[in-house]
Amino acid sequence: MPVEEFVAGWISGALGLVLGYPFDTVKVRLQTQTTYRGIFDCLVKTYRHESVYCLAPFDLIKVRLQNQTEPRARPGSPPPRYRGPVHCAVSICQEEGPRGLFRGAWALMLRDTPTLGIYFVTYEWLCRQSTPEGQNPSSASVLVAGGFAGIVSWAVATPLDVIKSRMQMAGLKHRVYRGVLDCMASSVRQEGLGVFFRGLTINSARAFPVNAVTFLSYEYLLRWWG
């Protein structure tokens, strides 16, 4: 059922994206900025001063827009650097060239290639462990397996996610990394090994509900169509 699986995956992925986007914004800011004391401080300041509006070039644009901290629609305040996704893409091309849209692409690929495999293997294994032979997994099993699959995959992905976000923001800060390894070495030299796990807590907090909902909706849509 390729068509049904595609539609089910698209709908469940969209639900997961809507649920996880605010947490993703906080995660990116914690990874690339040093002005926040922690997750709660970032959440409060983001909510108080602005609203969050709603993948290599698309992911880059997302990260740049998420890092805008200028208050919106406040008299006397400076306007945001980017007025939206299209303006962001055009500005990057004008200021950094077309290659600027692909900043962090290697780190993105290195992050996603192994973690996607870990993600699905973890989900399948947990479902099988909690489901009798020959039966479909229960809703509770799908929710738990999906949630923990998300946490495990993000635990593996977070170090390269930090590097990806920093390389994507480097053009805006007029900083040049010679590549993934240079960004890693520079980050460790300035902030220690702990920098690779910046955002892990918010990643995990986001990963469980997002992926639980994603897999539950996917499984139920397939059963409904099946």
Side-chain angles (χ1 to χ4, degrees), residues 16-17 19-50 52 54-70 81-82 88 92 100 102-116 118-119 122 147-211:
L17 181 63
L19 182 62
Y21 190 83
F23 294 97
D24 190 60
T25 299
V26 173
K27 179 264 299 182
V28 167
R29 291 188 177 183
L30 287 172
Q31 289 176 340
T32 59
Q33 301 181 29
T34 58
T35 56
Y36 303 110
R37 295 190 300 272
I39 295 171
F40 185 73
D41 183 51
C42 184
L43 280 167
V44 170
K45 287 181 178 177
T46 300
Y47 179 79
R48 181 180 299 163
H49 296 299
E50 57 196 287
V52 178
C54 301
L55 279 134
F58 297 102
D59 190 71
L60 172 69
I61 292 168
K62 172 185 72 74
V63 168
R64 292 283 180 95
L65 290 174
Q66 286 174 329
N67 268 287
Q68 288 197 143
T69 56
E70 298 90 347
R81 182 183 183 91
Y82 304 120
C88 180
I92 292 171
F102 294 90
R103 285 184 184 275
W106 274 109
L108 179 64
M109 184 189 73
L110 292 171
R111 183 198 74 176
D112 287 352
T113 301
T115 53
L116 283 174
I118 293 169
Y119 178 59
T122 303
F148 277 106
I151 290 176
V152 170
S153 63
W154 270 111
V156 175
T158 294
L160 277 167
D161 190 56
V162 172
I163 299 305
K164 173 195 71 72
S165 296
R166 292 188 168 209
M167 293 184 73
Q168 289 172 328
M169 289 300 297
L172 189 62
K173 298 178 179 179
H174 304 290
R175 182 171 186 173
V176 178
Y177 294 114
R178 293 190 298 273
V180 174
L181 291 178
D182 180 52
C183 183
M184 293 174 71
S186 177
S187 297
V188 171
R189 189 164 52 247
Q190 295 177 13
E191 302 172 60
L193 288 172
V195 69
F196 289 132
F197 300 98
R198 186 171 292 174
L200 178 58
T201 302
I202 190 69
N203 272 341
S204 300
R206 178 190 65 158
F208 193 96
V210 167
N211 292 284

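Owing to the predicted nature of the structure, the values given are computational and were not obtained by experimental measurement.
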>> Checking T158 now: which residues fulfil side-chain hydrogen bond (donor to acceptor under 3.5 Å, both in side chains) with it, not counting sequence neighbours?
In response: N203
>> Looking at D161 and A157, would you say the former's side chain and the latter's main chain have a donor-acceptor pair under 3.5 Å?
In response: no
> Between the side chain of S186 and the main-chain N/O of D182, is any donor-acceptor distance below 3.5 Å?
Replying inline: no
Rounded distance [0.5 Å steps], [atom1] in [X] versus [atom2] in [Y]:
| X | Y | atom1 | atom2 | result |
| --- | --- | --- | --- | --- |
| R103 | C183 | CZ | SG | 11.0 Å |
| Q66 | M169 | CD | CE | 10.5 Å |
| S187 | R198 | OG | CZ | 8.5 Å |
| I61 | I92 | CD1 | CD1 | 5.5 Å |

Do the non-hydrogen side-chain atoms of [X] and [Y] ever get within less than 4.5 Å of each other?
| X | Y | answer |
| --- | --- | --- |
| F196 | E191 | no |
| Y177 | I163 | no |
| V180 | L160 | yes |

>> Let's go through D112 and K164 carefully: what are the C-alpha distance in whole Å and the side-chain angles of both, what is the deciding distance for side-chain contact (heavy atoms from CB on, under 4.5 Å) to 0.1 Å, and is it a yes or a no?
In response: CA-CA 11 Å; D112 287 352; K164 173 195 71 72; over 6 Å; no
[X] versus [Y], closest heavy-atom pair with distance:
| X | Y | result |
| --- | --- | --- |
| T115 | S153 | CG2-O, 3.5 Å |
| C88 | Y82 | CA-CD2, 3.5 Å |
| G104 | Q168 | CA-CG, 4.3 Å |
| W154 | L200 | O-CD1, 4.1 Å |

